[in-house]
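In what follows, every chain begins at residue 1, and chains take the letters A, B, ... in the order their sequences are listed.
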Amino acid sequence: MADKPSIPKGTRDFSPLEMARRNHIFDTIRRIFKVHGFLPIETPAMENLSTLMGKYGDEGDKLLFKILNSGDFKSKLSPEELSETPAGRLGTKISEKGLRYDLTVPFARYVVQHRNEIDFPFKRYQIQPVWRADRPQRGRYREFYQCDVDVIGSNSLLNEFELIQIIDEVFQALSLKVVIKLNNRKVLAGCAEVIGAPEQMIDITVAIDKLEKIGLEKVLAELVQKGLSPDSVTKLEPLLKMEGSTAEKLIFLAGFLEGSELGMAGLQEVRTLLAYVEADPLGSEVELDLTLARGLNYYTGSILEVKSAEYAIGSICGGGRYDDLTGIFGLEGVSGVGVSFGADRIYDVLLQLERFPQRGDLDTRLLFVNFGEAEVKHIIPILGRLRKSGIASELYPDQTKMKKQMNYANNRKIPFVALLGEQEIADGMITLKDMETGMQERLTPEQLVERISSAK
RNA sequence: GUGGAUGUAGCUCAGUUGGUUAGAGUGCUGGAUUGUGGUUCCAGAGGUCGCCGGUUCGAACCCGGUCUUCCACCCCA
């Protein structure tokens with residue numbers, strides 16, 4: 001026998017049950033995006049490598065899936081180039097395309113490319129798979145879906161506020177308790193400025209991010225190792241020790257950031273945003289979290305991240321404001337803000353917490369038992385009528401033992417089975433069996449439609 | 001990219017110091033029950049023990065490699 005067929009590492013097949021559950025997530029998210037006036041777009045699975053490279057940092061570049069050029073891709077290369085070790089740079093010479101790594105960069109490309117057709121501010125949503133050559137783990141796949149909403153061409157913090165509302169509405173609709181974490185890149189930059197190490201903002205934020213995991217002492221040691229002066233470390237310490245409610249943190253930061261124009265501006269943004277949130281309180285908890293750094297280097301203002309309050313799996317939604325993104329593609333001064341829902345992780349959380357709805361609207365409601373050709377001719381028009389009434393119904397395609405047909409209905413969790421055999425044909429009735437109670441009743445076709453419709 | 005585990009029937013898992021025909025539960029097929037599923041009883045099918053190589057008279061078991069999945073880093077959705 002040949003080797004069993006398989007799929008690439010980190011990819012998955014989805015069964016009908018899994019698809020029903022995934023669609024529950026996608027439908028919920030899409031519905032809420034639409035209600036907020038966002039419009040859908042799609043972009044190709046593959047982009048030019050020049051569009052993708054350098055947008056996600058060195059780490060990100062390594063995680064890009066590259067597509068080998070078609071044809072004789074090595075004909076133009078010299079023997080020296082071909083035998084080069086390590087083969088790192090060779091990759092970009094034999095490949096010009098790559099699979100998209102996220103939806104934000106392709107969106108930025110889209111905006112720049114179609115700038116003359118777009119009405120700004122442009123509110124778009126996009127639900128598509130992305131690919132990363134990462135090492136798979138729980139909640140981490142090489143092919144996974146992102147559900148992005150972005151507003152581009154508006155500086156207003158009302159956009160951030162709307163995204164927070166969307167997050168809240170989505171997770172309420174999915175019955176998940178989440179914590180929405182909020183931070184601001186300008187505040188982080190201000191902190192770096194105040195302690196006299198503006199160049200090392202990235203190092204500092206990464207270190208702050210690890211605070212919860214490795215503790216204060218190790219974070220400080222790491223910072224010293226990264227080249228931060230002892231004086232700066234001393235100045236940073238009170239920030240790391242900052243505790244208390246969001247309101248208390250704001251007061252502390254107002255003092256800490258004094259002297260940094262950028263930092264104070266960031267702080268004011270946070271205050272404004274929180275004031276909007278207070279105007280119509282959310283179901284989810286919103287907190288200011290300075291340890292939220294986020295790796296992507298294009299965020300410039302607000303940073304958002306959402307975690308499940310009930311199940312630890314990393315962030316299930318994240319995003320922020322990026323002032324400079326379209327600048328990379330030659331369109332300056334267009335600010336955007338957006339978030340991305342991680343459908344696959346949300347799936348894992350819902351599954352773990354058993355929060356998926358019992359059954360979907362599209363599941364078959366009624367199965368006709370197949371007794372043979374003569375009976376089938378009577379069933380066909382009734383089946384058509386049921387379907388026109390929006391009742392998902394089936395006729396078992398083969399004339400087999402009733403036991404087998406009943407079993408099929410049972411396994412598929414079809415709630416009703418209709419019997420139309422010789423006896424029923426004779427008196428123009430249909431026998432309807434309720435699979436849950438086992439009760440049977442005789443109905444006319446009209447009554448049958450009525451009965452199934454009202455049973456929903 | 002670094003380190004550590006894992007892989008036996010469709011699924012969940014046993015498997016004695018390496019010793020003949022590799023087991024259970026569940027699911028599947030058939031029968032008890034020829035117009036009635038879920039319960040019960042009986043019977044049956046289904047596995048070159050992830051793959052390749054090595055050690056051995058002999059390997060599911062020991063060794064090496066490889067792939068998969070999982071876990072911790074890194075990073076992230």
Side-chain angles (χ1 to χ4, degrees), chain A residues 1-12 15 25 29 56-64 86 88 100-104 127-148 167 202 206 209-210 213-214 218 222 292-297 304-308 312-319 338-349 367-372 375 396 399-425 430-440 442:
Chain A
M1 198 175 77
D3 283 344
K4 269 189 190 167
S6 63
I7 54 175
K9 180 199 282 203
T11 65
R12 296 151 299 157
S15 65
I25 297 171
I29 289 173
Y56 310 103
D58 292 344
E59 285 291 328
D61 282 355
K62 279 188 217 156
L63 298 180
L64 286 173
R100 74 167 97 79
Y101 178 90
D102 70 359
L103 299 178
T104 307
I127 299 175
Q128 289 190 276
V130 303
W131 294 269
R132 295 182 188 177
D134 213 341
R135 188 116 151 201
Q137 258 179 58
R138 175 168 55 101
R140 170 186 268 181
Y141 309 99
R142 286 187 153 185
E143 178 184 64
F144 62 96
Y145 273 73
Q146 289 192 331
C147 311
D148 273 31
I167 290 169
I202 300 284
V206 169
D209 192 32
K210 288 186 188 167
K213 268 188 191 169
I214 64 176
K218 284 187 178 172
E222 198 170 310
L292 172 56
R294 294 193 60 79
L296 295 180
N297 49 18
L304 285 165
E305 187 170 284
V306 180
K307 286 192 169 175
S308 165
I313 194 172
S315 70
I316 51 179
C317 177
V339 295
S340 175
F341 290 79
D344 298 86
R345 283 193 180 168
I346 294 170
Y347 180 96
D348 289 344
V349 174
L367 176 78
F368 275 92
V369 170
N370 187 328
F371 285 113
E375 289 83 353
Y396 196 87
Q399 186 193 340
T400 56
K401 289 202 179 76
M402 218 171 145
K403 177 180 170 138
K404 193 177 162 88
Q405 302 192 38
M406 295 298 281
N407 223 325
Y408 174 81
N410 200 47
N411 290 344
R412 285 275 311 272
K413 296 189 170 62
I414 298 172
F416 296 100
V417 169
L419 306 178
L420 207 165
E422 270 179 48
Q423 299 161 25
E424 286 83 1
I425 290 172
I430 297 154
T431 300
L432 181 71
K433 176 170 177 135
D434 183 323
M435 290 297 278
E436 204 174 320
T437 62
M439 301 280 276
Q440 296 191 180
R442 308 201 103 202

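Pairing partner, rA5(B): rU69(B), with both Watson-Crick or wobble hydrogen-bond distances short of 3.5 Å.
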Might you list the N or O atoms of the protein lying below 3.5 Å from N or O atoms in nucleotides 33-36 of chain B, with each pair's distance?
from    : atom 1 : to      : atom 2 : distance (Å)
rG35(B) : O6     : Q423(A) : N      : 3.2
rG35(B) : O6     : Q423(A) : NE2    : 3.4
rG35(B) : O6     : E424(A) : OE1    : 3.2
rG35(B) : N1     : E424(A) : OE1    : 2.9
rG35(B) : N1     : E424(A) : OE2    : 3.2
rG35(B) : N2     : E424(A) : OE2    : 3.0
rU36(B) : O2     : K433(A) : NZ     : 2.8
rU36(B) : O2     : Q440(A) : OE1    : 3.1
rU36(B) : N3     : Q440(A) : OE1    : 2.4
rU36(B) : O4     : Q440(A) : OE1    : 3.4
rU36(B) : O4     : Q440(A) : NE2    : 3.0

Pairs under 3.5 Å (N/O, protein and nucleotides 25-27 of chain B):
none

N/O contacts under 3.5 Å, protein versus nucleotides 2-6 of chain B?
from   : atom 1 : to      : atom 2 : distance (Å)
rU2(B) : O4     : R135(A) : NH1    : 3.4
rG3(B) : O6     : R135(A) : NH2    : 2.9

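Among residues two or more places apart in sequence or in another chain, the side-chain contact (heavy atoms from CB on, under 4.5 Å) test is passed with T400(A) by Y396(A), D398(A), K404(A), Q405(A). Qualifying side-chain contact (heavy atoms from CB on, under 4.5 Å) partners for T437(A), counting only residues two or more places apart in sequence or in other chains: D434(A), M439(A). Under the rule for a side-chain hydrogen bond (donor to acceptor under 3.5 Å, both in side chains), the partners of Y141(A) that lie at least two apart in sequence or sit in another chain are D348(A).
Note on G10(A): only backbone sugar-phosphate atoms sit closer than 4.0 angstrom, heavy atoms only; bases stay farther off. Looking at heavy-atom distances under 4.0 Å, E143(A) makes no contact with the nucleic acid at all. At the heavy-atom level, F341(A) lies nowhere under 4.0 Å from the strands shown. Nucleic acid contact class of G60(A) (heavy atoms, under 4.0 Å, all strands): none.
On a pure distance criterion of 3.5 Å, no polar donor-acceptor pair joins the side chain of N407(A) and the base of rG37(B).
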